[in-house]
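Notes for the one structure printed next.
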Amino acid sequence: MANVPQLVFNNGHTCPVIGLGTWNSQPGEVTQAVKDAIDAGYRHLDCAHIYGNEKEVGLALKEKFAEGVIKRKDIFITSKLWCTHHRPDLVEGALRTTLSDLGLDYIDLYLIHWPQAFKEGGELLPYDSQGKLIPSPVDYVDTWKAMEKVVDLGLTKSIGLSNFNKKQIDRVMEIARIKPASLQIEVHPYLNHEKLIDYARSLGITVTAYSPLGSPDRPGPKPGYSHLLEDPLLKTIGEKYNKSPAQILIRYAIDRGLIVIPKSVTKSRIIQNFNVFDFQLTAEDIKTIGSLECNGRLCSLGDINQPFYPFNDEF
Ligand SMILES: NC(=O)C1=CN([C@@H]2O[C@H](COP(=O)(O)OP(=O)(O)OC[C@H]3O[C@@H](n4cnc5c(N)ncnc54)[C@H](OP(=O)(O)O)[C@@H]3O)[C@@H](O)[C@H]2O)C=CC1
Ligand SMILES: O=C1CO[C@H](CO)[C@@H](O)[C@@H]1O
């Protein structure tokens, strides 16, 4: 794959260190965003069935393939198995739906989106009358065996996990014939996740940082904390390199050895976020930025008492 620095997975496949996030990119805007990203040099897209926009992502790919701007092998596509499809007999069909929506015959990485399973066969977010998501008893280790089968079928090159904690990763590692290639978790200076990142790496699993800009269109992490992009420290460090806070945050992930997937539907920001390969943060910058840590988790799902909820453990 051209020009974008890559990380190598434990199976030898490579993944560009920056990708375009697509959560909350509306169907009416995501096609243009993906086309702008490809034109800007992105060669990695982060998608998911739950984002409800894979068909529109597929339209952009179709156009860029037809124009000859990229070939299929030039771009890395991630998607994720949603929680209502953990039952082993549903996994292949879920991936085939994603492939059909994206207009592809394989993806590069398929992740179990969350360890929790939800009631199958209805809404993607099946709430009960109390407003709680209805669990399904499926254990993610059984789901993992079905994930291995979709690799065998050639429907995805690699498989991995998202939002899993240490114990949950261990349980998958114990039974895995095909080891997870990557772990996608929330990582930014308010939630540095040092222990989980070190642990995943010790197992040969790469880590992808989601919400790297602190997901600024969502409520902040804690009362009294500004949104990350407004943090004066990032502005000061940015001035040193003539870069924006967003560029510092993206570089912060890359310089920690992570894959990073900032989302934007704004052409100028899509270009800006990719323009991070002409500078590098020092070890001291990384330490200083890391001091913003406040256990400021932004993204969670389901009830803390439900089976397999991942965020009750220290990491
Ligand atoms: N595995 C999982 O469970 C999860 C995965 N993800 C993945 O990670 C991706 C990124 O995370 P996400 O939570 O979307 O948030 P990000 O941290 O990437 O922030 C995205 C927001 O920042 C704005 N933005 C982007 N670039 C800039 C810039 N240069 N200056 C100022 N503002 C900017 C965007 O606005 P605009 O678009 O209007 O330009 C958007 O509002 C997701 O899109 C998704 O693909 C995210 C959450 C959970
Ligand atoms: O990636 C994500 C964003 O959307 C989902 C909900 O709609 C989240 O649960 C998930 O983690």
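Just so you know, ligand 1 is whichever comes first in the structure, and atom 1 is the first atom listed for that ligand. Quick caveat, the model's predicted, so the values are computed rather than measured. Position 1 is the first residue of the sequence; numbering continues from there.
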#### Entry: ligand 2 to Trp23 polar contact by distance, N or O atoms, under 3.5 Å
yes
### Message
Show the atoms of ligand 1 that are less than 4.0 angstrom away from any heavy atom in Gly214.
### Response
17 (O)
### Task
Provide, to 0.1 Å, the distance between atom 35 (O) of ligand 1 and the closest protein heavy atom, together with that atom's residue and name.
Arg269 NH1, 3.1 Å
### Query
Can you name the one residue among Glu63, Glu29, Glu56 that meets salt bridge (Lys or Arg N to Asp or Glu O under 4.0 Å) with Lys35?
Glu63
### Message
Any heavy-atom pair between the side chains of Lys263 and Ser25 that's under 4.5 Å?
### Response
yes
### Message
With a heavy-atom distance limit of 4.0 Å, tell me whether Lys263 approaches ligand 1 through its side chain, its backbone, both, or neither.
### Response
both
### atom 45 (O) of ligand 1: the protein heavy-atom neighbour that sits closest, reported with distance to 0.1 Å
Asp46 OD2, 2.6 Å
### Query
Hey, what do you get for CG (Asp128) to NZ (Lys119), rounding to the nearest 0.5 Å?
10.5 Å
### Message
Could you tell me, atom by atom, which parts of ligand 2 come under 4.0 Å of a heavy atom of Trp82?
### Response
9 (O)
### Query
Taking the inter-plane angle between the rings of Tyr241 and Phe279 on a 0 to 90° scale, is it parallel (under 30°), tilted (30 to 60°) or perpendicular (over 60°)?
tilted
### Message
Both conditions, 6.0 Å and 45 degrees, for the charged tip of Arg72 above the ring of Tyr106: are they met here?
### Response
yes
### Message
For Tyr42 and Asn273, which I'm curious about, is there any donor-acceptor pair between the side chains at under 3.5 Å?
### Response
no
### Message
Can you name the atoms of ligand 1, numbered from 1 with element, that are less than 4.0 Å from a heavy atom of Asp217?
### Response
41 (O)
### Query
For ligand 2, which atoms sit closer than 4.0 Å to a heavy atom of Cys299?
11 (O)
### Query
Is any N or O atom of Ser244, backbone or side chain, closer than 3.5 Å to an N or O atom of ligand 1?
no
### Query
Using a heavy-atom cut-off of under 4.0 Å, does the side chain or the backbone of Ser211 touch ligand 1, or both, or neither?
both
### Task
For side-chain hydrogen bond (donor to acceptor under 3.5 Å, both in side chains), just list the numbers for Thr98 and Glu54, CA-CA rounded to whole Å, side-chain angles, deciding distance to a tenth of an Å, and then say yes or no.
CA-CA 7 Å; Thr98 273; Glu54 289 191 321; 2.6 Å; yes
### Message
To check your reading of the model: name the closest protein heavy atom to atom 17 (O) of ligand 1, its residue, and the distance in Å.
### Response
Leu213 N, 2.8 Å
### Task
Output the list of atoms in ligand 1 that are nearer than 4.0 Å to some heavy atom of Thr266, sorted by atom number.
36 (P), 38 (O), 39 (O)
### Proximity to ligand 1 by part of Ser215, non-hydrogen separation under 4.0 Å
both
### Atoms of ligand 1, numbered as shown, that sit under 4.0 Å from any heavy atom of His113
1 (N), 2 (C), 3 (O)
### Query
At what distance is the nearest protein heavy atom to atom 7 (O) of ligand 2, and which residue and atom is it?
Ile50 CG1, 3.8 Å
### Task
Below 4.0 angstrom from a heavy atom of Cys299, which ligand 1 atoms are there? Numbered from 1 as shown, please.
48 (C)
### Query
Is there side-chain contact between Ile159 and Glu148, with at least one heavy-atom pair below 4.5 Å?
yes
### side-chain contact (heavy atoms from CB on, under 4.5 Å) between Leu133 and Asp303, intermediate numbers included
CA-CA 7 Å; Leu133 284 161; Asp303 193 289; over 6 Å; no
### Query
Would you say ligand 2 has an N or O under 3.5 Å from any N or O of Tyr51?
yes
#### Entry: Side-chain heavy atoms of Gln184 within contact of Asp46, under 4.5 Å
yes
### Task
Mind checking whether Leu229 contacts ligand 1 via backbone (N, CA, C, O), side chain (CB onward), both or neither, at a 4.0 Å heavy-atom cut-off?
side chain
### Query
CD/Gln32 to CG/Asp39 distance, rounded to the nearest 0.5 angstrom?
8.5 Å
### Task
Calculate, to the nearest 0.5 Å, the distance between atoms OG1 and CD belonging to Thr14 and Gln6 respectively.
4.0 Å
### Query
Taking N or O atoms only and a 3.5 Å limit, does Asn273 qualify as a polar contact for ligand 1?
yes
### Task
May I ask you to identify, for His113, whether its side chain, its backbone, both or neither come under 4.0 Å of ligand 2 on a heavy-atom basis?
side chain
### Query
Any idea which protein heavy atom is nearest atom 21 (C) of ligand 1, and the distance to it?
Pro216 CD, 3.3 Å
### Message
Show me which atoms of ligand 1 lie under 4.0 Å from any heavy atom of Gln184.
### Response
1 (N), 2 (C), 4 (C), 5 (C), 6 (N), 7 (C)
### Query
If we only count N/O pairs under 3.5 Å, is Pro262 in contact with ligand 1?
no
### Task
Go through ligand 2 atom by atom and flag the ones less than 4.0 Å from a non-hydrogen atom of Leu301.
9 (O)
### Query
Taking heavy atoms and a distance under 4.0 Å, where does Ala48 meet ligand 2: side chain, backbone, both or neither?
neither
### Task
Could you find the nearest protein heavy atom to atom 8 (C) of ligand 2 and give me its residue, atom name and distance?
Trp114 NE1, 4.1 Å
### Atom CG of Asn242 with >12 non-hydrogen neighbours under 6.0 angstrom
no
### Task
Could you check if a side-chain atom of Leu249 sits within less than 4.5 angstrom of a side-chain atom of Pro189, using non-hydrogen atoms only?
yes
### Task
Answer side chain, backbone, both or neither: which part of Asn163 comes under 4.0 Å from ligand 1, heavy atoms only.
side chain
### Task
Measure Ala246 to ligand 1 on non-hydrogen atoms and call it side chain, backbone, both or neither using the 4.0 Å cut-off.
side chain
### Query
Counting each atom of ligand 1 from 1 as listed, which ones have a heavy atom of Ile261 under 4.0 Å away?
7 (C), 8 (O), 9 (C), 10 (C)
#### Entry: Result of checking Leu99, Asp105, Ile107 against Leu155 for side-chain contact (heavy atoms from CB on, under 4.5 Å)
Leu99
### Task
Spell out, yes or no, whether Trp82 and Leu102 are grouped together once hydrophobic residues are joined by side-chain heavy atoms under 4.5 Å, including indirect joins.
no
### Query
Arg218 to ligand 1: N or O pair under 3.5 Å?
no
## Note on the structure
Atoms of ligand 1 under 4.0 Å from any heavy atom of Thr22, numbered from 1 in the order shown, are 43 (O), 45 (O)
### Query
Can you find a pair of side-chain heavy atoms, one from Val187 and one from Arg256, that are under 4.5 Å apart?
yes
### Message
Could you work out, for atom 42 (C) of ligand 1, the closest of Trp114, Tyr210, Trp23 by heavy-atom distance?
### Response
Trp23
#### Entry: Test side-chain contact (heavy atoms from CB on, under 4.5 Å) applied to Lys243 and Ile248, Leu281, Ile237, the passing residue
Ile248
